[in-house]
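Worksheet: one structure, shown below.
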Amino acid sequence: MDDFLLQELSDPDHFQEPISIENIDSDTLIRYLNGMLRIRYAERRLARGKKEGDIGGPVHLGVGQEAIAVGISGNLRKTDRIFGAHRSHSHVLSMGADLYRLFAEVLGKDDGLSRGMGGSMHLWDQANGFYGSVPIVSGTVPLAVGAALAAKLQNTEDVGVIYLGDGAVEEGVVHESLNLARVMGVPVLFVVENNLFASHMHISLRQPKYATARFAVANDMLYEIVDGNDVVKMHQTSKNLISYARTNSMPVFLEAVTYRWYGHVDWREDIDVGVNRSEEEVAAWRKRDPVARLVCAMLARGVYSEDDIESLELRIEKETEIAWQQAKESHYPPHSALLGRVYASKMYD
Amino acid sequence: MKHNYGTAILSAFEYLLENYSDAVVIGQGLWSPWYVGNSMTNLDKKFGVERIIDTPVSESACTGAAVGAALAGMKPIVVHPRMDFMLYAMDAIVNQAAKWSHMTGGQASCGVTIRAIINRGGEQGAQHSQSLHAWFAHVPGLRVVMPSTVSDARDLLIASVLSPDPVMYIDDRWLYDLEDTLEPVSEIDLTKEGPKILRSGSDITIVASGYAARLALEAAAELDVLGIASEVIDLRILNPLNPELIIDSVGKTRHLAVIDGGWKTCGIAGEILASVAENTIPGALKKQPIRIMLPDAPAPTSIALEKNYYPSATNIVERISLIFGRS
Ligand SMILES: Cc1ncc(C[n+]2csc(CCOP(=O)(O)OP(=O)(O)O)c2C)c(N)n1
Ligand SMILES: [Mg+2]
């Protein structure tokens, strides 16, 4: 049985080499790369927007963690029911959310994903399967179980997906949700993005073992622990788990080990306020870059040349900038939105 | 000594930890400057991580554990860096801490202090903005304290921790820069504390607590210019509420406005109005009393909506001037 210590998976000096892309066709690789770059450029644009004062509210960036959502979302359909938390740009973008609408949301504009009422921490794009994200840690975990239970009752063969952090696992409601999902046979995928930190605190100061998948064992649930910075592994592992959940109407658990390059919130690295977060550690983790490891593998196999990569990045950067400028120019919600949107049964604005 | 509201809280912690070996602090962010501004700086270094406990993301268990430690005779202080996060701890606060004295025939005493921080603004939105003091003031057995001055920030925290009852001490990040000088500590008895007049006046009584009391003072200064003399009463202790001072003041001014950072429906301002109505004769007030509070909507994120969401001194001046037919 697993010892749940994570070992090399939590040691940034390992897994820096190019990922294995054996038997993966070029189109798929290109899709992965596009997906990850789109998220990375978007989040870097948000970091800049925050730094330069264009964004008022907090932004929790997941640069370095892109492979997780991109790998998983490739196995999901728009009728699945996906929930996130405070660090969810990648979760919504990987399901196909419009970049302009994400930016507009972060800037508090009426065209935003949540019509400007939620900002970065409250995203909603149900047309693409994204049922919502909120900043109350673990608040959405039982909601995902319920939305997946609804899928079961509705006979849709859709699954629920809940992205939560290693910190969220410390909330009691997560354990109630795991047990409930298992005992009721709910088709939901619990994805723990274990980036080893909950705001300033390293996991060693918060939990006796690094791997949160030990709670999957406690709840008699199928689980996997993977390198979250390997998009191919993320895709394949989640594919098996999701298809198991769909076919058997059972919960499954996927722990993806990763690291965030920025600090907990906004654009700084926050070395000074992290308990056990050092410059060396951040530098080492930057070498386990999910994007660079895929790029190196693609170059080695000749899927893309250096020039191809460069022009791809240029194109994505340009698209990002266009969406950003468009969002900046768009309009704010009307004043009537404040009272007019409190109750769904009585919307006026 | 020169202090601000934040360092006044810090000095209360220092006083308690130095003088009471059974005082311990538990909560998220205590080993980092992140969540609690300048109000807890270096306590972990000074008093050790055994007594200054930073925790997993587990509000419910941490609060419940503090309640248990209090039942076992300690003086625990739980810190919730944002009141919204504390909602996971409702059972420990409302069903447990608030009930133990009564349930055990007054034999058990649960001297826990729950420090709930109001932390809002900055486009953080619906789940990171709430001022829920009125909810807690509804619960018998739970003392609710809301300091608005630098000296109260320190002295009411000390009194809360020394009280044998569970106390919710609510401080507000918007007050941390407020400056004043502090005298050496002298311990006070929480049961003897109640509303206080921050400024006397003969035309209108303005009641407020926490940050709203600062707004009331600001507004009062502007109202002076318009020839309206305001008496500002700081509630300080929301539960148990002693309205006597307010009733006396209204007897004199015969006008009443209540300012509060919570919602209007079933809020603390409604309670003040009700207490005045119950305890005065018809016609005691010359004009209808007013409440200046949040609109009954969650906090929006968009700056376009947020900028008008919170009550401001300007709002208060406008509304009160209208009562007197001036503007
Ligand atoms: C109920 C609650 N408690 C505390 C917080 C403050 N908080 C915001 S994010 C966070 C850390 C979450 O860590 P994790 O779940 O690992 O997610 P990560 O930030 O690493 O993505 C904390 C403690 C909160 N938002 N909600
Ligand atoms: Mg984490």
Side-chain angles (χ1 to χ4, degrees), chain A residues 55-59 86 104-110 112 114-122 134-139 165-174 198-201 203 205-207 263-265 270 272-277 331-343, chain B residues 27-36 41 44 49 53-65 81-92 119-130 263-265 294-310:
Chain A
I55 299 171
V59 282
H86 54 288
E105 187 53 49
V106 175
L107 291 165
K109 303 298 183 75
D110 203 32
S114 310
R115 301 197 63 194
M117 306 305 281
S120 161
M121 304 198 294
H122 315 79
V134 303
I136 287 295
V137 167
S138 79
D166 49 299
V169 172
E170 292 152 13
E171 298 281 14
V173 68
V174 171
S199 44
H200 60 296
M201 283 251 270
I203 193 164
L205 300 164
R206 299 179 283 115
Q207 295 184 35
H264 170 62
V265 61
D270 281 344
D272 49 331
V273 291
V275 177
N276 283 3
R277 181 173 159 98
H331 62 84
Y332 286 111
H335 292 301
S336 59
L338 180 67
L339 291 170
R341 295 173 181 176
V342 179
Y343 299 98
Chain B
Q28 281 168 55
L30 304 194
W31 298 342
S32 142
W34 272 16
Y35 284 115
V36 285
T41 313
D44 52 334
V49 292
I53 308 165
D54 203 333
T55 72
V57 196
S58 309
E59 292 81 6
S60 174
C62 290
T63 310
R82 206 185 277 280
M83 193 179 246
D84 317 61
F85 305 162
M86 186 177 72
L87 300 192
Y88 276 131
M90 285 302 261
D91 178 71
N119 190 351
R120 62 199 183 294
E123 298 179 46
Q124 298 185 82
Q127 300 184 343
H128 276 51
S129 302
Q130 297 171 92
W263 288 295
K264 189 163 169 172
T265 305
L294 292 180
D296 279 335
T301 48
S302 182
I303 187 69
L305 303 177
E306 191 190 53
K307 66 173 194 258
N308 298 317
Y309 180 69
Y310 296 102

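None of these values were measured; they are calculated from a predicted model. Reminder, nothing fancy here: chain letters follow the sequence lines and each chain counts from 1.
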Which atoms of A/V173 come close to chain B, meaning under 4.5 Å heavy atom to heavy atom: side chain ones, backbone ones, both, or neither?
side chain

B/E123 CD to A/M121 CE distance, which is reported to the nearest 0.5 Å:
10.5 Å

Looking at B/G125, B/S58, B/G121, which has the largest count of heavy-atom pairs under 4.5 Å with chain A?
B/S58

Check: A/L338 main-chain N/O paired with B/Y309 side-chain donor or acceptor under 3.5 Å
no

Checking A/R206 side chain against A/E170 main chain: does a donor-acceptor pair fall under 3.5 Å?
no

Side chain, backbone, both or neither: which part of B/E306 has an atom under 4.5 Å from a heavy atom of chain A?
neither

Between A/S114, A/P135, A/G112, the one whose heavy-atom pairs under 4.5 Å with chain B are most numerous
A/P135

Partner chain B: residue of A/G116, A/P333, A/A198, A/S199 with the largest heavy-atom pair count (under 4.5 Å):
A/S199

When the 4.5 angstrom heavy-atom criterion is applied to B/N308 and chain A, the contacting part is side chain

Report the option among A/E105, A/K109, A/H264 that has the most heavy-atom pairs separated by less than 4.5 Å from atoms of chain B.
A/H264

Over 60° means perpendicular and under 30° means parallel, so tell me whether B/F85 and B/H128 are parallel, tilted or perpendicular.
perpendicular

When the 4.5 angstrom heavy-atom criterion is applied to A/M117 and chain B, the contacting part is both

Compute whether any side-chain donor of one residue and acceptor of the other, for B/Y88 and A/S138, lie under 3.5 angstrom apart.
yes

Any side-chain donor near an acceptor of the partner, B/Q127 and B/D84, under 3.5 Å
no

Keeping B/T301 on the side-chain end and A/G118 on the backbone end, is there a donor-acceptor pair under 3.5 Å?
yes

Below 4.5 Å from any heavy atom of chain B, which atoms of A/H122 appear? Answer side chain, backbone, both or neither.
side chain

